There are 2 protein chains.
Amino acid sequence: MNSKEASILLDTLNTFHKLSFEEFTEFLNACNYQTFKKKEHLLISGEYHRGIYFIISGSVGLYELIDGKEMYQDFYLPGTFAHELKSLTTQQQSDKNLIALSATNVYYLDRQKLLNLYEKSPVYERLGRNLLEHLLTQQHELSSALQSLKPEERYQYLQEKNPEFLQSIPLTYLASYLGLARETLSRIRAKK
Amino acid sequence: MNSKEASILLDTLNTFHKLSFEEFTEFLNACNYQTFKKKEHLLISGEYHRGIYFIISGSVGLYELIDGKEMYQDFYLPGTFAHELKSLTTQQQSDKNLIALSATNVYYLDRQKLLNLYEKSPVYERLGRNLLEHLLTQQHELSSALQSLKPEERYQYLQEKNPEFLQSIPLTYLASYLGLARETLSRIRAKK
DNA sequence: TTGATTTTGTGATTTTCATCACAAAAATGA
DNA sequence: TCATTTTTGTGATGAAAATCACAAAATCAA
């Protein structure tokens, strides 16, 4: 167990709820270390979504095939949990995909093991609730922004809120994430 | 205490986690019954957001003033909790507004009382987490749809997912919610 | 290293939607 | 009820972005 890799997980969890050493160890023991090559899928539509992926390094995209086009709906960078909440909670077949956009290392946490943690101690429940509050706030803010801002403003918004995206995610994917044609985003970026 | 009004709350809570009679009573006792006239504000930007509003009857809109225009970001109908999560969790001044779009009755639950419930029993924590999972799933799905669909498709999407919105919310507000000009939405609706 | 593939850039054209302007209809409240 | 305010409808116009087409650049894999 690499301590530097574990510490990014610890830091992240502590943001949402402080864990004792024992609790963190318990959490970590429930995880499996996994690696994915660039363009390798973590989840394919039609499959069952069996657990969440804590990103240690690399990047993961969430997309859905709509009219044959890959529409990106989210990106996960180190320190976040890649997931597709709907199929994770309902345990129905996913209609979305998770794909590594670069070589990626993760801690995989099986859904059932997560549920076990929830049962074991309210501490994890609290942590989960706080994490969800954070994600929902972010998601709401983002979607409000995308809906009310013009294309150029959306780019600027992303520059302020998620500058890492602009560095690490190819423009093609960002375009669908922002609801723009690839060419439009390319022209916006060229202006600056 | 009106039992019909209480039962809509009970039904809603039970969707997310079954409560015993005692637990539900405890929850209900933490609430205050309140009424709002049409166009009355439940929260004004600049204020502190002190608690959440469970809608018994009526309708509430969440909007933000952007360039002097009211941009609607959410609507709350009976059986849902009207809130603005960011200011609720951070306890900073809200930059959004909650307004009754029609005569509205609510159970108001003070934030501190909610936190007390969380402390009292993990049952509430579990309920809160499940509710948040549900909200985040919905929010993510909505924002993905708005971003990838064309205006007409957005209207159809709403027709399928939230037909109540189309009945009870004025077109003007729906337009900003869908990220369209009012005139465009009017024309889309005329076509059908 | 080099050929192949993927990603990005850029012009020309078309389509769509926002904007403006005003009329009609509906809702409100005294 | 009736005047006032709010909401909705509809045409004309212009601006912005999507689409199409292709070239350039970057990345990848053997």
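Residue numbers start from 1 in every chain, and the chains themselves are labelled A, B, ... in the order their sequence lines are given, proteins ahead of strands. Treat the numbers as computed from the prediction; the structure is a model and nothing was measured.
- The pair B:R126-A:E119 meets the salt-bridge criterion, with a side-chain N (NZ, NE, NH1 or NH2) lying under 4.0 Å from an Asp/Glu carboxylate O.
- Each of B:Y72, B:Y173, B:F75 was evaluated against B:Y63; a single residue qualifies, B:Y72, per the ring-ring contact (aromatic ring centres under 6.0 Å, His included) test.
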For nucleotides 9-18 of chain D, just jot down a letter per nucleotide in 5' to 3' order: B, S or -, based on protein non-hydrogen atoms under 4.0 Å.
BBBB----SS
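- The phosphate of D:dT6 (OP1 or OP2) has no side-chain N or O of B:T172 nearer than 4.0 angstrom.
- Ion pairing of A:R129 with A:E133 is present here, as a side-chain N (NZ or NE/NH1/NH2) and a carboxylate O approach within less than 4.0 Å.
- Judged by distance alone, the side chains of B:S176 and B:E70 never bring a donor and an acceptor atom under 3.5 Å apart.
- What separates CD of A:E153 from P of C:dA18 is a distance of 14 Å, to the nearest Å.
- Ring pair A:F27/A:F81 is perpendicular by interplanar angle, where above 60° counts as perpendicular and below 30° as parallel.
- Counting side-chain heavy-atom gaps under 4.5 Å among Ile, Leu, Val, Met, Phe, Trp and Tyr, the cluster of B:V106 also holds B:F36, B:L42, B:L43, B:Y53, B:I55, B:V60, B:L62, B:Y76, B:L98, B:Y108.
- Rounding to whole angstrom units, CG of residue B:L166 and P of D:dT7 are separated by 17 Å.
- For the pair B:R154 (side chain) and B:L178 (backbone), a donor-acceptor distance under 3.5 Å is present.
- Atom-to-atom distance recorded for A:D74:CG and B:H140:NE2 is 4.0 Å, nearest 0.5 angstrom.
- With rounding to the nearest 0.5 angstrom, the CG atom of B:D95 is 11.5 Å from the NE2 atom of B:H49.
- Remark: C1' of D:dA29 and NZ of A:K39 are 13 Å apart, rounded to the nearest angstrom.
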Please tabulate, one pair per line, each protein N/O and nucleotide N/O from nucleotides 27-30 of chain C that are separated by under 3.5 Å, including the distance.
from   : atom 1 : to    : atom 2 : distance (Å)
C:dT28 : OP1    : B:K38 : NZ     : 2.5

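- Of the residues in residues 58-78 of chain A, not one places a heavy atom less than 4.0 Å from an atom of DNA chain C.
- Atoms CZ (B:R154) and P (C:dT16) sit 14 Å apart, rounded to a whole Å.
- Considering only residues two or more places apart in sequence or on other chains, B:Q93 meets the side chain to side chain contact (heavy atoms under 4.5 Å, CB included) condition with B:Y48.
- When the salt bridge (charged side-chain N to carboxylate O under 4.0 Å, His left out) test is applied to B:K96, no partner is found at least two apart in sequence or on another chain.
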